[in-house]
Trainee: 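Mind looking over this structure? Questions follow.
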Amino acid sequence: MHELSIAENIVEIIHQHVDEDRLRDVRAVGVKVGTYSGVVADSLEFSYQAITAATPLEQSFLALEQISFVVECEECNQKLINDDGVTQCSSCGSFKTKIISGRELQVKDIELEDVKKELV
Amino acid sequence: MSVLTIERKVLEKNDDVARRNRELFAQHKLFVINLVSSPGSGKTSLLEQTLKHLNGSLRIAVVEGDVQTDFDAQRVAKFNVPVVQIVTNGGCHLEAKLVHDALANFDLKKVDLLVIENVGNLVCPANYDLGEAMKVVVVSTTEGDDKPLKYPGMFHHASVLIVNKIDLVPYVNSNPEVIKQNALRINPALKIFETSCTTTKGIPEWCEWLRSQTKVRDGSK
Ligand SMILES: Nc1nc2c(ncn2[C@@H]2O[C@H](COP(=O)(O)OP(=O)(O)OP(=O)(O)O)[C@@H](O)[C@H]2O)c(=O)[nH]1
Ligand SMILES: [Mg+2]
Ligand SMILES: [Zn+2]
């Protein structure tokens, strides 16, 4: 599995959006993970913790949002959650369907702790 | 707390390089397939049969991806075609950058068809675009007919399914029709071929189709 390199990509993206002196303030990093993104959630979280340990990002963590595999049927217009990956419409049996979601792997947002005012 | 909304694809770096590869392929009017399967389904065997059948009529180059060894590249080199072996050293899939670097070894002007044999793995290569025109997934009759239902991700991304080792059907508990039906439930648009690399059954049909695809994209060469 390649969760380690995925975690490295995520760290790189964080670095592109957060100034170096604010990395310590990063907390939840929202990531959308589709059922068929090819990524195992636990393993990704573990990899992220491992590579950010003892770095300015050590207090940050991944907040994974699982995205179901959804197809839309062009015959009966229903949207169906088919987490088994089947694209055939489970309602009318049609094969004329479109994949709506379930393959995403995206950094959605980055949460930052507000800078603490220095005590005078 | 403040929140930065960014919406960035985690694999965008790979996608960017894949896009550049695709532009390069288009520029040289090159048809490129990405061969994927579980370990041992017969990707290299299919490639050997394809080279035997098409060598001379199409100019073919090969990129081999394996976790370790250059055995597959050695098998392909016997056909006197340009071949580069990528050793991923543990990596479970090829990435666009690895393919991009490998391309430097070819004179792309002199190639009609590029075959990239990915690392034997039915999960990870699905999500890494290499810049290919299409993914071709090989399933063999010894793997269990439920393979497509167990690994849907790869079948979503593939354009062609090759059911290989059909010579073994009498000896294993397999029904190629079931493999095909299962695959079509995952992706009804799949173009399907049945092949045997030992008897060569189905190889001519596959090769003719491959030739037609290469021509369609390359009227001028
Ligand atoms: N009987 C039979 N054996 C086959 C056929 N195709 C391949 N094999 C055998 O299956 C084994 C694996 O074939 P390869 O071509 O090396 O498979 P591969 O997918 O390239 O394997 P990796 O690159 O290691 O993932 C070899 O022993 C082949 O001789 C076939 O159509 N029929
Ligand atoms: Mg091989
Ligand atoms: Zn329907």
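First the proteins, then the strands, lettered A, B, ... as listed; each starts at 1. Just so we're clear, the structure is a prediction, and the values are computed from it rather than from any experiment.
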Trainee: Any chance you could measure B:M1, atom CE, to A:D114, atom CG, to the nearest 0.5 Å?
Mentor: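 The distance works out to 7.5 Å.
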Trainee: Go through B:H156, B:K9, B:H157 and name the one with the most non-hydrogen pairs under 4.5 angstrom from chain A.
Mentor: B:H156
Trainee: So for A:E12, is it side chain, backbone, both, or neither that comes closer than 4.5 Å to the heavy atoms of chain B?
Mentor: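 Just the side chain, heavy atoms under 4.5 Å.
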Trainee: Near A:I81 CD1, under 6.0 Å, is it more than 12 heavy atoms from other residues, nucleotides or ligands?
Mentor: no
Trainee: Of the backbone (N, CA, C, O) and the side chain (C-beta and beyond), which part of A:T35 lies under 4.5 Å from a heavy atom of chain B, both, or neither?
Mentor: neither
Trainee: In terms of heavy-atom pairs under 4.5 Å with chain B, which of A:D109, A:V31, A:L112 leads?
Mentor: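 Winner by heavy-atom pair count: A:L112.
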Trainee: So do A:V86 and B:I186 actually touch side chain to side chain, heavy atoms under 4.5 Å?
Mentor: yes
Trainee: Quick check against the 3.5 Å criterion: does A:H2 have a side-chain atom that pairs as donor or acceptor with the backbone of B:C92?
Mentor: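 The answer is no, because no donor-acceptor pair under 3.5 Å joins these two groups.
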Trainee: Please flag which part of A:K96 lies under 4.5 Å from any non-hydrogen atom of chain B: side chain, backbone, both or neither.
Mentor: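 When you check distances to chain B, no heavy atom of A:K96 falls under 4.5 Å.
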Trainee: Tell me if the CD atom of B:E7 is crowded by more than 12 foreign heavy atoms within 6.0 Å.
Mentor: yes
Trainee: Counting neighbours of CZ on A:F46 that are heavy atoms of other residues, nucleotides or ligands and sit closer than 6.0 Å, is the number greater than 12?
Mentor: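 Count not over threshold, so no.
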Trainee: Look up atom CG in A:D84 and atom CZ in B:R185, then write down how far apart they are to the nearest 0.5 Å.
Mentor: 7.0 Å
Trainee: Kindly indicate whether the side chain of B:L11, heavy atoms from C-beta on, has any atom under 4.5 Å from the side chain of A:N9.
Mentor: yes
Trainee: Counting only non-hydrogen atoms closer than 4.5 Å, does B:N14 touch chain A with its backbone (N, CA, C, O), its side chain (CB onward), both, or neither?
Mentor: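 When you check distances to chain A, no heavy atom of B:N14 falls under 4.5 Å.
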Trainee: To the nearest 0.5 angstrom, please state how far the CZ atom of A:R27 sits from the OG atom of B:S2.
Mentor: 11.0 Å
Trainee: Checking side chain to side chain contact (heavy atoms under 4.5 Å, CB included) for the pair B:N127/A:L105: CA distance, chi angles, key distance, verdict?
Mentor: CA-CA 10 Å; B:N127 300 290; A:L105 184 57; over 6 Å; no
Trainee: I need the B:L4 CG to A:I14 CD1 distance, nearest 0.5 Å.
Mentor: 10.5 Å
Trainee: In this structure, are over 12 heavy atoms from other groups packed under 6.0 Å from B:Y128 atom OH?
Mentor: yes
Trainee: What part of B:K13 gets closer than 4.5 Å to chain A, counting heavy atoms only: side chain, backbone, both or neither?
Mentor: side chain
Trainee: Roughly how far apart are B:I6 CD1 and A:K108 NZ, rounded to 0.5 Å?
Mentor: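 NZ of A:K108 is found 11.0 Å from CD1 of B:I6.
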